Each structure stands twice: as C-alpha cells, then as structure tokens.
Amino acid sequence: MSRKITIIGAGSVGATIAYTLSSEDIASELVLIDINRDKAEGEALDIVQGTCFRDPISMISGDYEDARGSDIVIITSGIARKPGQTRLELTQTNVDILKEITPQIVKEAPDAIYIIVSNPVDIMTYVFTKTSGLPEKQILGSGTILDTARLRCGISEHFKVAQGNIHAYVFGEHGDSSFIPWTGAYVSGVNTTEYYEIMKAHDSSITPIDREAMLEYVQKSGGKIIAKKGATFYAIATAVCKLAGMILAASDSVTTVSTMMHGEYGIEDVCLSILTLIGPNGVSGRIPMRMNKAEIAQLQKSADALKSVIAQIDL
C-alpha cells in the first residue's frame with residue numbers, strides 16, 4: 001500500500017525528518033518542499049542516493065501540487081531558534097510564514113493529517129487549527145513528545161533501567177511552562193517513589209529523583225544543544241517519525257501531542273499537550289490522566305502563558 005508523506009521545510013529539522021523516514025519502513029513516497037528550491041533539490045538528491053540499501057522508495061523535491069494524495073504533511077518551516085532565545089520569541093515571524101504556507105498546502109492536500117513541528121509549536125498548531133479550515137482531528141503539533149522522550153531518558157539514566165520500562169510524561173507547553181505530572185510517572189507499573197524504595201535494597205547507590213533538577217534537565221536540554229552545536233534536529237526528527245508511524249499504524253497510540261483543548265481540566269481555546277489518542281483517523285480523543293490539584297493548576301498556568309502570547313499575535 002502506498003503511503004505518502006510531504007515535508008514542508010528543508011532546513012535541519014525537515015531534512016533530518018526526510019532522511020530518517022527514508023531509512024525506515026514508514027512511507028513509500030516522500031516529497032520535500034522548500035521556498036529555497038535548490039536546498040530542497042540538494043537534500044532530496046543526497047537522501048535518495050542512499051535509498052538503494054532499503055526497499056524501493058520514491059523521494060523527490062517539488063512544489064505544493066506534488067503534495068496531492070499525501071497521507072501526512074509535516075510542517076517544519078520557520079526561522080530557527082537562536083542561542084539564548086526562547087521559543088515564544090520566535091512567534092510572529094513564524095506565524096506569518098505559516099499563514100502564507102497554509103492555504104497553499106491545504107488546497108492540495110485537504111485530506112492529509114498534519115503534524116506541525118515549527119516553533120513555538122503550540123502557538124503554530126493553534127494558528128494552523130484556526131486558519132486552515134480543516135477538521136481538528138486532522139491536526140496535531142509535535143508538542144511535548146520530545147520533552148517526554150527527554151524525561152524518560154533522564155529517568156532511565158538515573159535508575160539505570162531501560163526506557164521501555166518507563167511511563168512518564170511532560171504536559172503543557174513545549175517550552176518554559178511545561179511540567180511533569182509525577183502522579184502519573186511509573187516504572188514498570190510502580191510509581192517512581194515506590195520504585196526507588198524497592199530498588200535501594202538492591203543498589204545502595206540509587207538516590208531519589210530530584211524532581212526540580214529533572215524538570216530543568218528536560219526544559220534546558222534544547223537550549224544547551226543549541227548553544228553547543230547551533231540547532232537541535234536528531235531527537236525531534238526521531239520523535240516526528242514516531243508520530244508518523246503511529247498515524248499510519250492499524251490502531252491508535254497514546255502520546256503527548258499538542259491539540260486544541262475543549263474543556264479538559266477546565267482549559268479552552270488553546271493548543272497544548274496532554275495524553276492524546278492518535279492513529280489512522282488522526283486525533284481520536286484524549287485520556288484524562290489522574291492529576292492532583294497542584295498539577296492541574298500547573299497545566300492551567302501553562303495554558304494561560306500560551307494564551308497571553310496568542311493575545312499579542314496577529315492572526
């Protein structure tokens with residue numbers, strides 16, 4: 001069965017997503033589109049020349065009309081975050097870029113499921129939801145799936161346990177107001193506090209998780225990587241390819257992606273990340289994970305931070 005994915009934006013993130021998809025058995029056809037056509041053509045040529053080592057796949061650069069029939073469209077276009085710059089400082093410039101792209105791609109691929117990756121991703125997902133005219137089930141932002149991956153990496157390293165045994169999540173904004181609902185953080189069915197108590201009997205060097213330090217690790221990882229190498233793209237590309245695989249799978253998966261809120265936890269008219277069901281029909285629902293009052297308040301605070309930015313942008 002043919003599975004077509006179009007990527008808008010051939011910068012570091014978009015090109016790395018295209019490359020990662022080209023080496024995995026997720027898509028059979030890839031299209032890479034960028035305002036800089038030479039960049040898109042160069043990236044596509046470089047990627048396609050390595051595909052002889054896998055099952056046959058089509059990889060081209062093109063224009064918006066080449067996106068027709070896409071199952072998934074991934075939007076990565078925008079100005080990259082600079083060292084010391086917050087995601088929210090990018091807002092208006094990238095919103096304007098998205099507003100220019102949206103009618104052109106939606107015209108050609110009205111039935112696709114859209115993954116918004118451009119930062120600040122929650123604002124960009126909100127803008128796309130409001131301006132595209134598409135059903136909300138077709139729209140999701142990459143949200144805190146990368147933050148969640150960073151959290152699981154941190155817990156894995158702390159407890160020296162495989163990441164596959166960890167179920168813990170980051171909620172809210174993909175940014176400074178994100179938080180970890182520790183009420184729902186488990187290692188193999190045991191909450192992290194209990195897991196520490198159990199494991200310290202086996203390994204006296206194990207210590208409790210410093211929750212504030214762990215949140216700082218999650219929130220500051222992107223900035224540290226940008227300061228050291230200029231951009232982040234490997235981990236987000238892997239995360240987005242995982243989302244594409246979930247969408248093209250036979251059944252739904254639960255993950256943290258940014259979607260429009262409609263009263264969940266008392267939050268309306270903003271996009272942020274909570275547990276969400278995604279699959280072949282796009283966004284099919286949300287999982288109301290149990291949280292304590294303080295955690296719900298943190299989620300609402302994150303929503304308010306995003307709303308304050310939305311109030312200042314030109315939609």
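We're numbering straight along the sequence, starting at 1. Everything numeric here is computed off the predicted structure, so don't read it as measured data.
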Closest non-hydrogen atom pair between [X] and [Y], with its separation:
X    : Y    : answer
I33  : A67  : CD1-CB, 4.5 Å
T256 : V170 : CG2-O, 3.8 Å
Y217 : C153 : OH-SG, 3.7 Å

Side chains of [X] and [Y] in contact at under 4.5 Å (non-hydrogen atoms):
X    : Y    : value
I72  : I74  : yes
T76  : I236 : no
D252 : P280 : yes
P120 : V309 : no
M289 : T183 : no
V95  : D314 : no
T192 : R211 : yes

Please check this pair: side chain of [X] against backbone of [Y], looking for a donor-acceptor N/O pair closer than 3.5 Å.
X    : Y    : value
T148 : I145 : no
E173 : S302 : no
R290 : G184 : no
T20  : T238 : no
E295 : N292 : yes

Could you grab the distance from atom [atom1] of [X] to atom [atom2] of [Y], nearest 0.5 Å is fine?
X    : Y    : atom1 : atom2 : result
K224 : T232 : NZ    : OG1   : 14.5 Å
S77  : I101 : OG    : CD1   : 3.5 Å
K137 : I278 : NZ    : CD1   : 14.5 Å
E216 : S221 : CD    : OG    : 9.5 Å
I139 : I115 : CD1   : CD1   : 12.5 Å
I116 : L98  : CD1   : CG    : 6.0 Å

Non-neighbouring partners of [X] that pass side chain to side chain contact (heavy atoms under 4.5 Å, CB included), sequence neighbours left out:
X    : value
S12  : F233
K39  : A10, N36, E43
P103 : none
Q138 : L134, P135

Suppose the criterion is ring pair (Phe, Tyr, Trp, His ring centres under 6.0 Å): which pairs have a residue in [range], not counting sequence neighbours?
range            : result
residues 264-302 : none
residues 279-313 : none
residues 139-167 : F159-Y195
residues 90-122  : Y114-F128

Task: Under-4.0 Å salt bridge between D25 and R3 - done: yes

Open item on the list: Please determine whether a side-chain nitrogen of the Lys or Arg among E65 and R68 lies less than 4.0 Å from a carboxylate oxygen of the Asp or Glu.
Closed with: no

TODO: From the options T6, I5, I7, select the one residue that forms a side chain to side chain contact (heavy atoms under 4.5 Å, CB included) with V31.
DONE: T6

Mind checking what makes side chain to side chain donor-acceptor pair (under 3.5 Å) contact with [X], not counting sequence neighbours?
X    : value
E136 : H262
N191 : E194
D55  : none
S251 : none

Open item on the list: Is a donor from one side chain sitting under 3.5 angstrom from an acceptor on the other, for S178 and T144?
Closed with: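 No, no side-chain donor-acceptor pair sits under 3.5 Å.
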
- [ ] Check each of D122, D147, T125 against H174 using the side chain to side chain donor-acceptor pair (under 3.5 Å) test, and report the only one that passes.
- [x] D147

Open item on the list: Is there a salt bridge (charged side-chain N to carboxylate O under 4.0 Å, His left out) between K130 and D269? Walk through the geometry before answering.
Closed with: CA-CA 10 Å; K130 290 293 187 179; D269 196 38; 3.0 Å; yes

I'd like to know if [Y] and [X] are part of one continuous hydrophobic network [Ile/Leu/Val/Met/Phe/Trp/Tyr, side-chain heavy atoms within less than 4.5 Å].
X    : Y    : result
Y186 : L275 : no
Y234 : L243 : yes
L151 : V257 : no

Task: Q92/D96 under side-chain hydrogen bond (donor to acceptor under 3.5 Å, both in side chains): CA gap, chis, key distance, verdict - done: CA-CA 6 Å; Q92 190 63 58; D96 292 341; 2.9 Å; yes

